[in-house]
Amino acid sequence: MACILGQQQPWMLPADPLESLQTVFVLSGCAIIVRGQPRGGPPPERQINLSNIRAGALARRAAQGQPDVKDTPDEPWAFQAREFLRKKLIGKEVCFNVEIKTALGREYGMVYLGKDTTGENIAESLVNEGLATVRREGIRGNNPEQARLCELEDQAKASKKGMWSEGGGTHTIRDLKYTIENPRNFVDSLHQKPINAIIEHVRDGSVVRALLLPDYYLVTVMLSGIKCPTFKREADGTESPEPFAAEAKFFTESRLLQRDVQIILESCPNQIILGTILHPNGNITELLLKEGFARCVDWSMAVYTQGAEKLRAAERSAKERKIRIWKDYVAPTANLDQKDRQFVAKVMQVVNADAMVVKLNSGEYKTIHLSSIRPPRNEGEEKNKDKDKRFRPLYDIPYMFEAREFLRKKLIGKKVNVTVDYIRAATGPGESTPAFSERTCATVTIGGIYKCSSAIKNGKGLHSKKEVPIHRVADISGETQKAKQFLPFLQRAGRSEAVVEHVFSGSRLKLYMPKETCLITFLLAGIECPRSARNMPGGMQVAEPFSDQAMLFTKELVLQREVEVEVESMDKAGNFIGWLHIEGVNLSVALVENALSKVHFTAENSIWANYEEKPVEEVVHLSEEKERVPNYRPVFVTEISDNLHFYAQDVETGAQLETLMETMRAEIAAHPPVEGSYSARRGDYCLAKFADGEWYRARVEKVESPAKVHVFYIDYGNREVVPSTRLAAMPPAFSTRTLPAQATEYTFAFIQVPLDEDARADVVDCIVRDIQNTQCMMNIEYSGASCPHVSIQFGDTKEDVGLGLVKEGLVMVDVRKEKHLQKIVTEYLNSQESAKSARLNIWRYGDFRADDADEFGYRR
């Protein structure tokens with residue numbers, strides 16, 4: 001902007017003499033905006049133009065809609081003159097006397113830094129630095145101030161300062177960039193590093209126009225995580241402010257306008273650049289919230305890098321004080337009882353990445369939405385892709401499946417603490433938004449709170465620069481032809497892993513098969529379950545009695561749990577029929593035992609035959625008493641090693657261990673150990689903090705260094721290398737004298753593990769899958785050099801685990817000579833011969849052992 005003052009014309013009226021105000025904006029090298037102190041609202045502003053001098057005009061962008069008009073660049077030294085005044089005057093008090101005031105209200109005068117004319121004369125400083133020229137045609141000889149300006153200009157010329165230097169000043173013209181071709185790539189390229197900037201314009205309290213240095217990008221930045229009241233543009237072109245919009249704008253202007261700041265550009269959704277402005281005096285985002293000029297917005301808070309919990313705390317402070325936009329605020333949980341505001345519940349279903357269904361102690365089901373976050377969603381053009389393809393949000397939206405699985409594995413079936421933060425009222429459908437029912441938004445904790453800020457900082461998940469994962473999941477539910485092709489594969493696979501995605505009724509489920517990456521409809525075999533209400537071509541089918549109870553039973557037992565299924569056949573509609581097991585429980589049996597289903601006639605040759613023959617099995621065992629007297633007792637297998645030794649807890653003392661652990665952890669919580677105070681020594685009993693953050697009893701096995709201490713968890717059998725900072729002395733009340741170590745080492749009787757590493761790994765994987773972390777029945781058969789040799793039975797089927805390994809051809813028989821064991825050894829040898837005949841696993845190339853193979857470690 002150029003300031004030109006010619007000779008006084010008849011329409012120029014003399015104005016008031018000396019006034020003192022604060023500088024808030026520098027328009028150019030010869031024009032400033034000043035205003036007084038606020039009284040009941042933002043104060044009025046005045047533009048003061050410096051008389052008798054002229055500075056170069058700053059660049060101006062061509063008006064939109066006029067393609068023939070080009071952008072106007074800076075005049076030489078114009079930006080340097082502006083910067084000279086900005087750094088000297090912004091936020092400072094100045095005084096001025098208006099020499100001339102035009103009929104249109106434009107004011108010209110002399111400006112001084114400070115409260116009176118003894119301060120620095122701004123026009124003289126500009127001329128002295130060679131940043132402005134003197135308008136000599138309007139000078140009167142009897143005016144000493146004008147004469148002083150001419151004298152200073154001559155000195156600047158002689159010293160070759162500023163515009164009087166050699167070269168013409170083309171190097172002072174900025175290369176202003178008003179637009180960015182790809183804003184998202186531009187933001188990503190900065191890697192969330194602070195960059196220097198000048199705030200050039202404040203649109204409202206939370207949206208500014210910033211000049212990024214040193215490349216002179218002029219960008220609009222919206223503050224991440226908040227939204228201030230705005231100015232709405234009406235149909236006639238006028239703007240009407242929302243309540244407190246002007247005050248919020250003044251609050252931001254008075255602190256940031258034309259100040260030197262640093263900006264962290266954090267994200268760019270839908271071409272909107274989100275960022276955080278850092279000023280030496282504080283964070284404007286948090287200040288706006290604390291003073292009640294803004295509210296938190298969840299959609300952009302997820303990218304805020306300075307800690308979203310700070311924003312929530314600042315907003316909560318303003319709400320509690322009921323200031324400004326919160327003056328009529330009533331807490332959404334104000335009418336809730338304490339028991340409804342904070343409670344413990346069991347997670348029954350994870351709906352998506354921000355919602356779950358929990359079961360209260362009263363038996364009621366409630367949907368909870370996680371506060372301050374939103375699930376992954378499609379953005380931009382991705383929404384319109386593959387319109388002909390059936391859209392499945394769980395698999396088609398990037399990271400939606402990973403987010404759901406993260407919560408499912410961590411929470412399903414667990415008890416969590418729920419604190420209701422707010423209740424979002426129901427909303428009706430809009431032009432582009434669907435209707436939403438009332439939502440209970442809460443903080444859900446289980447052993448700690450997971451924060452999204454660290455994920456953003458570390459580039460995890462949604463915030464990662466890696467290629468977006470693609471899930472190609474085939475849904476063959478009701479696809480008869482696809483199901484027929486898939487049936488033989490599932491039948492040969494035996495027990496397959498699956499996740500229950502949906503429960504249609506007590507015996508009809510939808511399963512996700514992770515290894516096969518497909519969805520199937522699965523019907524429980526052997527039972528006839530009451531049918532739920534269904535939409536049929538002829539109308540609604542009425543629900544049969546107890547159908548709801550059966551469906552609820554199945555949901556509570558298996559929904560979103562990892563299960564094992566055995567497919568036997570399929571029906572005409574392409575639904576697979578078979579058995580479903582969860583933690584050793586056959587769902588068909590469980591439904592019948594709870595009187596929620598009837599045995600189907602097709603079950604005569606299935607598991608029900610074995611189910612009725614349990615008394616016969618007991619008689620067979622009695623006949624063995626003369627030679628071998630088994631004494632099976634229940635144990636819980638906690639750890640399995642690579643050499644097929646395992647650790648187990650006695651179920652009878654399990655309650656004592658649980659009580660001791662609860663008491664011990666309560667004691668530690670009340671009197672936490674001093675980190676690093678414990679000095680580890682080999683053989684000592686101590687407390688060790690495991691990877692899950694909990695303390696357990698342990699024994700020190702080896703000390704490499706303070707950072708590497710080998711410990712053995714005496715109650716669970718697993719080992720770990722930990723730093724000494726995660727160790728503490730064991731209080732006497734929790735020592736092995738109070739309760740002996742609960743994990744005892746055993747190994748399998750009657751079997752010999754192959755020496756081949758791959759074959760051995762197959763055996764270990766099979767055992768880990770079958771019995772680790774499950775309750776089994778165990779009988780000690782004979783003593784060994786390091787630990788007892790035992791036989792193990794599955795807790796539900798009572799089948800011998802070791803014998804099963806022999807039948808599968810995974811291990812060899814270790815022949816024992818004891819007379820009382822000959823009958824069971826014979827059974828093992830017969831099973832081994834069957835596996836050899838069928839060439840299963842290690843026998844696939846026949847009998848690989850020579851007659852004299854002791855040197856290779858094999859005994860026949």
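From a predicted model like this one, the values you see are computed outputs, not experimental measurements. Throughout, residue positions are numbered sequentially from 1 according to the sequence presented.
Residue-environment remark: NZ (Lys177) exceeds the threshold of 12 foreign heavy atoms within 6.0 Å. Residue-environment remark: CD (Glu234) exceeds the threshold of 12 foreign heavy atoms within 6.0 Å.
A donor-acceptor pair shorter than 3.5 Å can be found between the side chains of Arg209 and Thr220. Side-chain atoms of Asn49 and Gln47 form a donor-acceptor pair, as typed in the model, at a separation below 3.5 Å. Side-chain contact, Glu266 with Ser224: a donor N or O sits under 3.5 Å from an acceptor N or O.
Checked by atom type and distance alone, the side chain of Glu315 pairs as donor or acceptor with a backbone atom of Cys296 at under 3.5 Å. The main-chain N or O of Ser317 is found under 3.5 Å from a side-chain atom of Arg321 such that the two form a donor-acceptor pair. Remark: the backbone N or O of Ser51 is not paired with any side-chain donor or acceptor of Glu99 at under 3.5 angstrom. Between the side chain of Arg259 and the backbone N or O of Ser254 there is at least one donor-acceptor pair closer than 3.5 Å. Under the 3.5 Å distance criterion, the side-chain polar atoms of Asp74 are matched with a main-chain donor or acceptor of Ala59.
Classified by interplanar angle (parallel below 30°, tilted 30° to 60°, perpendicular above 60°), the ring pair Tyr216/Phe79 is perpendicular.
Taking CE from Met110 and CD from Gln146, the interatomic distance works out to 8.5 Å, rounded to the nearest 0.5 Å. To the nearest 0.5 Å, atoms NZ (Lys290) and CZ (Arg316) are separated by 13.0 Å.
The side chain to side chain contact (heavy atoms under 4.5 Å, CB included) test with Glu107 is passed by exactly one of Thr102, Ile48, Ile100: Ile48. Remark: of the listed residues Ile122, Asn121, Thr118, Val94, Asn121 is the sole one forming a side chain to side chain contact (heavy atoms under 4.5 Å, CB included) with Tyr112.
Contacts of Thr179 classified as side-chain hydrogen bond (donor to acceptor under 3.5 Å, both in side chains), with partners at least two apart in sequence or in another chain: none. A search for side-chain hydrogen bond (donor to acceptor under 3.5 Å, both in side chains) contacts involving Asp260 returns Arg86, not counting sequence neighbours.
Between Cys228 and Phe251 the shortest side-chain heavy-atom distance does not fall below 4.5 Å. Proximity of Met301 to Arg312: side-chain heavy atoms (C-beta onward) are separated by under 4.5 Å at one or more points.
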query: Taking it one step at a time, do Ser125 and Glu120 satisfy side-chain hydrogen bond (donor to acceptor under 3.5 Å, both in side chains)?
result: CA-CA 8 Å; Ser125 297; Glu120 179 182 348; 2.4 Å; yes
task: Please test Arg324 against Glu247 for salt bridge (charged side-chain N to carboxylate O under 4.0 Å, His left out), starting from the C-alpha separation and ending with a verdict.
output: CA-CA 9 Å; Arg324 300 187 176 91; Glu247 290 85 346; over 6 Å; no
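Ion pairing between a basic and an acidic side chain is recognised when a charged N comes within 4.0 Å of a carboxylate O; Asp421 and Lys319 show no such pairing. Taking the charged nitrogens against the carboxylate oxygens, Arg203 and Glu239 have no contact shorter than 4.0 Å, which rules out a salt bridge.
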